[in-house]
Each structure stands twice: as structure tokens, then as C-alpha cells.
Amino acid sequence: MKVAGMHVAGFRSIASNGVYVSFLDGDAIFVFGRNNAGKTSILKAYEFFCNAKSKPQRSDFYNFMHGDALDIEIELIFSVKDGEDRQKLADGNLEKWISPDGFVRIRKVWSEVGGQGVKYTYDPRADAFVKGGFGGFDTLVSHYAPTPVYIPPVATEDDLKKIVGDILKKHIAQKLKDECGEILDRADAAFRELEEAVSVMDETAKVNTLANEYFQKIFPDHALKISSANAGDGRLETLLSKSFDVTVVNERLAEEQQPLSSQGDGVVRQAIFNFIGIVKNRELIEGFANGGDRKGFLILFEEPEVYLHPSKMRLMREKLYSIVTNSPFQLLCASHSPQLIDLSKKHTSLVRITKNDEITEYYQAGEQLFAPDKDAKDFMHMLMNFDPHICEVFFADNVILVEGDTEAIVLRSLLEDSEEHREVFVLNTGTKNNIPFFQNVLTHFGIKHTVIHDADLRYQYKHGQISRKGDGEPKANSAWTLNAKIWENIVASNSQKEGLARRYVHIVDFESAHGYSYDANEGKPFSAFKFGKLLDKGGDQPVVQFSRDMLKEVSDLDEASQEWIEVNVDEEYWARVKGLIS
């Protein structure tokens with residue numbers, strides 16, 4: 001099975017109204033939001049759910065400080081594909097819990113500190129949750145649910161040993177069952193023989209080779225060495241629970257072996273993630289993962305960017321996206337880094353979490369919003385190349401969308417001295433044509449935004465007159481046509497959430513509105529910077545007024561509606577001013 005969705009309510013930082021994370025749009029989920037919004041709580045919720053012995057402490061309940069904590073409720077939705085998983089459920093008389101569309105829903109509720117969770121299973125026939133169901137919880141987790149693999153912000157040597165042990169033991173146990181079944185059946189007399197069978201298996205050698213294939217791309221002077229830590233004692237449980245040591249070989253120092261504990265935190269976390277990555281190898285996952293549909297592990301990765309140099313972070317980003325492709329892994333990642341987000345990647349979903357009056361709000365979107373087809377994907381890839389920092393919009397409380405370099409530089413200059421500027425991100429969309437796309441994205445995620453753009457002229461001009469089509473009608477200026485679309489999006493945003501979007505318009509463009517032209521000797525960016533520094537921040541120039549007004553809860557300026565633009569753009573006057581007609 002694989003995780004299709006998870007609902008969490010009343011757990012740690014997540015309020016009782018809850019958060020739902022869907023995996024249907026992809027197996028790589030990135031969760032972002034402010035500190036204490038609930039990102040880590042989502043990651044830890046899955047781990048808490050999967051541990052049959054989980055008993056909540058007082059601090060696990062939301063609002064525990066106020067004495068009015070409500071129940072913790074965590075619900076997991078698993079998708080069941082036709083094949084091995086469905087057959088196993090049928091063999092265990094559990095098929096009745098599968099809905100007609102192929103899902104199993106299990107809920108656990110904790111009501112008191114130190115208490116056991118109560119399990120409920122959704123019964124498709126009754127269209128209701130019933131207490132119990134779906135067999136023993138330990139059996140469910142060990143045989144059906146993806147195993148949680150939590151990577152903390154500060155990883156230790158013990159964390160890596162545990163992950164290496166958990167994954168290898170799961171693989172070796174299955175390999176023994178598949179390849180050494182007759183030996184297992186001999187019981188006591190065959191323990192020594194089984195120990196020998198394990199010792200001659202070259203699994204750890206394969207792991208060492210594969211682990212270093214990618215690890216050394218990021219840390220070229222170091223290599224990982226994984227080896228068995230405990231010798232056999234003739235007992236089956238020891239055989240099946242072998243632990244493993246991990247050391248680092250410094251290849252510049254005559255292959256001197258060093259304990260992992262002596263390495264930097266970035267090396268330790270990279271070693272953990274790299275080991276997980278090698279399990280994608282078909283030879284290693286054979287036996288416990290059926291192709292790419294069945295998921296054996298859910299990686300819970302907290303702040304992958306911690307301790308990494310920026311150049312290493314780009315490599316980490318590629319690794320994060322590749323780790324879930326045709327592999328037994330799903331990924332749930334909490335991050336503060338926009339550099340880890342690539343909206344052009346397939347099967348990627350973003351979740352934004354905010355807190356508002358003790359209510360947890362969440363927004364999620366994937367490739368259906370960012371890249372629903374090849375053209376949109378190419379467009380998104382172009383935007384990422386145009387501005388690698390573009391994904392900072394998802395970490396801002398207020399975003400300003402502008403057309404180009406000049407407006408972006410001037411506005412940043414005007415805002416840098418204001419207390420509110422730290423909460424504002426100015427995004428250069430590159431062109432007016434891109435503004436509607438970003439409006440849709442920001443509206444979907446409930447991010448407050450302001451659009452500042454040129455009104456432009458209605459028509460195209462050539463040889464001192466309006467250009468005309470074959471039928472004599474004037475040729476429309478596409479930049480003018482966009483005005484109506486942008487306003488339509490403003491109205492739609494505010495209908496979703498009041499005050500979510502606002503628009504300001506330069507008549508007819510930034511240069512005309514301010515009597516500005518750039519110095520060709522200095523170039524556009526530096527000319528704009530100098531112009532912004534010279535502006536009187538208490539003055540009445542349009543961009544100055546916009547910069548003051550956009551930070552107010554209620555605008556003091558006229559609403560720049562489509563009707564307002566129609567009235568305020570005198571086509572003939574501005575065409576003459578700009579020398580387009582004589």
C-alpha cells in the first residue's frame with residue numbers, strides 16, 4: 001500500500017480544526033510555513049500514528065497550556081492497488097475494508113495523557129467509522145503501512161545506525177525467507193548454518209558501493225563504510241536483528257577510518273539520506289517493494305537544507321525529487337528553504353500552513369496548478385531559470401507582483417526602511433504576461449498579494465498611426481488586453497478571501513507616470529536604483545503612494561478597477577506624448 005492522505009487534528013502545533021495532506025498529486029510533499037505553524041507536527045504525526053504503543057504526553061495535545069486541550073485525532077488513508085497488496089488483504093479477510101475506489105481509512109484517537117489510542121476503521125458498506133476493524137494494529141503497520149523513516153534537523157550517528165539497521169534488516173529478513181526457506185524450516189539445528197548464509201551474502205558490500213556512488217558527488221574526499229556490528233551467537237533473533245556500524249573513510253588521509261560522530265552535521269545528514277537513496281536500486285528492493293506502486297517507506301525529512309553549503313543544497317534538491325521515482329519511498333519534507341522547491345518537477349506537491357486566530361489554515365497544490373501539461377511545465381522551468389529565488393513567494397506573508405526590473409528595484413528601495421518590509425517579497429515576474437499565472441498560484445495558497453503594472457495603450461501603432469487588420473479594425477495591444485484578465489483575477493481572489501489581493505496601475509507606464517528614463521550608460525538596474533534612492537518617500541509620485549498604501553489594511557486610493565483604467569487612459573493624448581502619432 002501507499003499513503004494517499006493524512007488528516008491531523010489537535011496534535012502539538014496543529015489546531016483542532018486539523019490539516020489534511022494529500023499524496024494523490026505526488027509522492028514528494030513539501031510543507032512550508034512559519035515557525036510553530038505545525039510543519040514538524042505533521043511529520044511526527046505519521047510516526048506517532050504508526051507506533052502502536054504511542055501514548056501522548058501533555059505537550060502532545062494542542063492548547064495543553066490553557067487546560068482546554070481536545071482529543072488528538074490522526075487519520076491515514078491508504079491506497080490499495082490490484083495485485084499483491086489486495087491479495088494479502090483478501091487472504092487476511094480484510095478486503096471488506098477497501099472502498100470501491102481502492103482506499104482503506106484508519107483513524108486513531110487519543111483522549112488523555114498517557115492513554116492508549118482508540119482505533120477506528122472506515123466501513124464502506126455502512127459509510128461510517130467503526131471501532132476496531134482491520135485486525136491487530138501491529139500487524140497493519142508491519143505488513144501494510146509504509147515504515148516511517150524520520151530524519152531530524154540535528155542527526156546523530158545513532159540516527160543513521162537505526163535507519164541503516166531498519167532498512168537492511170527488513171531486506172535481509174525477506175531475502176532469507178525467499179532464498180533460505182529450507183534452512184529456516186530446520187529451526188534450532190540450522191541457526192549456525194543461517195548465520196553463515198547471512199555472512200556470505202554480499203548485501204553490505206553492495207550497500208557500500210551504492211551509498212558512495214552519490215555521497216562522494218557531494219563529499220568527494222570521503223566515503224561511507226557500513227559493516228556488521230554484532231557477531232552471531234547462534235540465536236535466530238540475533239541473526240535477524242543484526243546491527244550495523246557506519247564509519248567514514250577520508251581518502252586523502254590514506255583511507256583512515258573515522259567514526260561518524262567526528263563528522264560535521266551536514267555529512268551525517270547526507271549519509272542518512274544517501275543510504276535511503278540506494279534502496280531505489282531494483283536489486284535491493286526486490287522482495288519487499290513491487291515496482292513503483294507499492295511504497296515501503298515514508299521519509300519524514302525535517303529541514304534538509306540545514307548545515308548544507310548552497311552548492312550542496314542544489315544537489316540535495318535533485319536527490320529529493322529523484323528519491324521517490326520508481327522506488328519504495330514517499331517523501332514528506334518540512335522546509336524553510338525556497339531553494340529546495342522546483343515547481344517544474346513532476347509528482348511534486350506543496351503544502352502551506354498558517355496560523356490565524358488559533359485556527360490552522362492549510363493550502364495544497366501540485367502539478368495540476370503549476371505544470372498541468374508540457375507547455376506549462378516548460379514555462380515553469382523557464383521561470384525557475386529566470387529567477388532561482390522565485391519560490392520565496394511561498395514563504396512571504398505579502399507578495400508584490402511587478403512587470404520588470406525597474407519597478408522591482410524601485411519598490412525594494414522604497415520598502416527597505418519600513419518596518420513592514422521584512423514581511424513583503426517583491427517578485428519580478430519578468431513580463432506582464434506572467435502576472436495572471438502568479439495571481440492564480442498566490443490565490444490558491446491564500447497568500448496576500450498586490451499587483452502593480454502598466455495600463456499600456458489599447459492599440460498597436462505603426463508609421464504614426466494605429467495599425468489595422470485586414471478588415472480595417474484596429475489591432476489590439478495584447479498588453480492592454482491583459483488588464484481585464486488581471487482585474488478578473490483580483491476580483492476572484494477577494495471573493496475567496498476578503499482583502500487577499502489589490503491592484504495599482506501606472507498610467508500609461510512607469511516611465512510616463514514618473515517622467516523617468518534610464519541612463520543607457522549606467523544600464524536599467526543601476527539607473528532604477530539611483531532613481532529609487534532619490535524619491536521622496538513622503539511625496540506624491542505614483543509608485544511612492546502605492547508603496548505606502550499597499551501596507552495599509554484598507555486602501556486610501558481609488559480602486560484600480562477595469563472601469564477606472566478605461567476612464568483614466570486617454571488613448572490619443574498618450575499616443576501623442578509617446579510620439580506614436582503626429
Student: E488: which residues meet the side chain to side chain donor-acceptor pair (under 3.5 Å) condition with it, sequence neighbours left out?
Tutor: none
Student: Rounded to the nearest 0.5 Å, how far does NZ of K448 lie from CG of N398?
Tutor: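 Those atoms lie 5.5 Å apart.
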Student: Could you tell me if E302 and Y150 have a donor-acceptor pair between their side chains, going purely by distance under 3.5 Å?
Tutor: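 Yes - a donor-acceptor pair under 3.5 Å links their side chains.
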Student: Using the ring pair (Phe, Tyr, Trp, His ring centres under 6.0 Å) rule, collect all pairs that involve residues 7-29, keeping only residues at least two apart or in two chains.
Tutor: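 Pairs touching residues 7-29 that pass the test: F11-F48.
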Student: About how many Å separate CD of Q439 and CG of L401, when rounded to the nearest 0.5 Å?
Tutor: 6.5 Å
Student: Using the side chain to side chain contact (heavy atoms under 4.5 Å, CB included) criterion, which residues pair with A15? Sequence neighbours excluded.
Tutor: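 Per chain and number, A15 pairs via side chain to side chain contact (heavy atoms under 4.5 Å, CB included) with N17, Y62, T360.
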Student: Going by distance alone, is a donor N or O of one side chain under 3.5 Å from an acceptor N or O of the other, for E303 and S335?
Tutor: no
Student: Mind checking side chain to side chain donor-acceptor pair (under 3.5 Å) for Y362 and listing every partner two or more places apart, or none if nothing turns up?
Tutor: none
Student: Under 4.0 Å between a side-chain nitrogen and a carboxylate oxygen: does that hold for R317 and E305?
Tutor: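 Here R317 does not pair with E305 in a salt bridge, since their nearest N and O are not under 4.0 Å apart.
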Student: Sequence neighbours left out, what passes side chain to side chain donor-acceptor pair (under 3.5 Å) with R12? Give chain and number order.
Tutor: D60
Student: Working to the nearest 0.5 angstrom, can you tell me the gap between F425 CZ and I447 CD1?
Tutor: 11.0 Å
Student: Is it true that the side chains of Q364 and S22 contain a donor and an acceptor less than 3.5 Å apart?
Tutor: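 Result is no, nothing qualifies.
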Student: Roughly how far apart are I151 CD1 and C333 SG, rounded to 0.5 Å?
Tutor: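 I151 atom CD1 to C333 atom SG measures 9.0 Å (nearest 0.5 Å).
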Student: Measuring from atom CD1 of I341 to atom CD of E392, what distance do you get when rounded to the nearest 0.5 angstrom?
Tutor: 10.0 Å
Student: Taking it one step at a time, do F78 and F103 satisfy ring-ring contact (aromatic ring centres under 6.0 Å, His included)?
Tutor: CA-CA 6 Å; F78 301 99; F103 295 101; over 10 Å; no
Student: Holding to side chain to side chain donor-acceptor pair (under 3.5 Å), I want the full list of residues that pass it with S13, two or more places apart in sequence or in another chain.
Tutor: N36
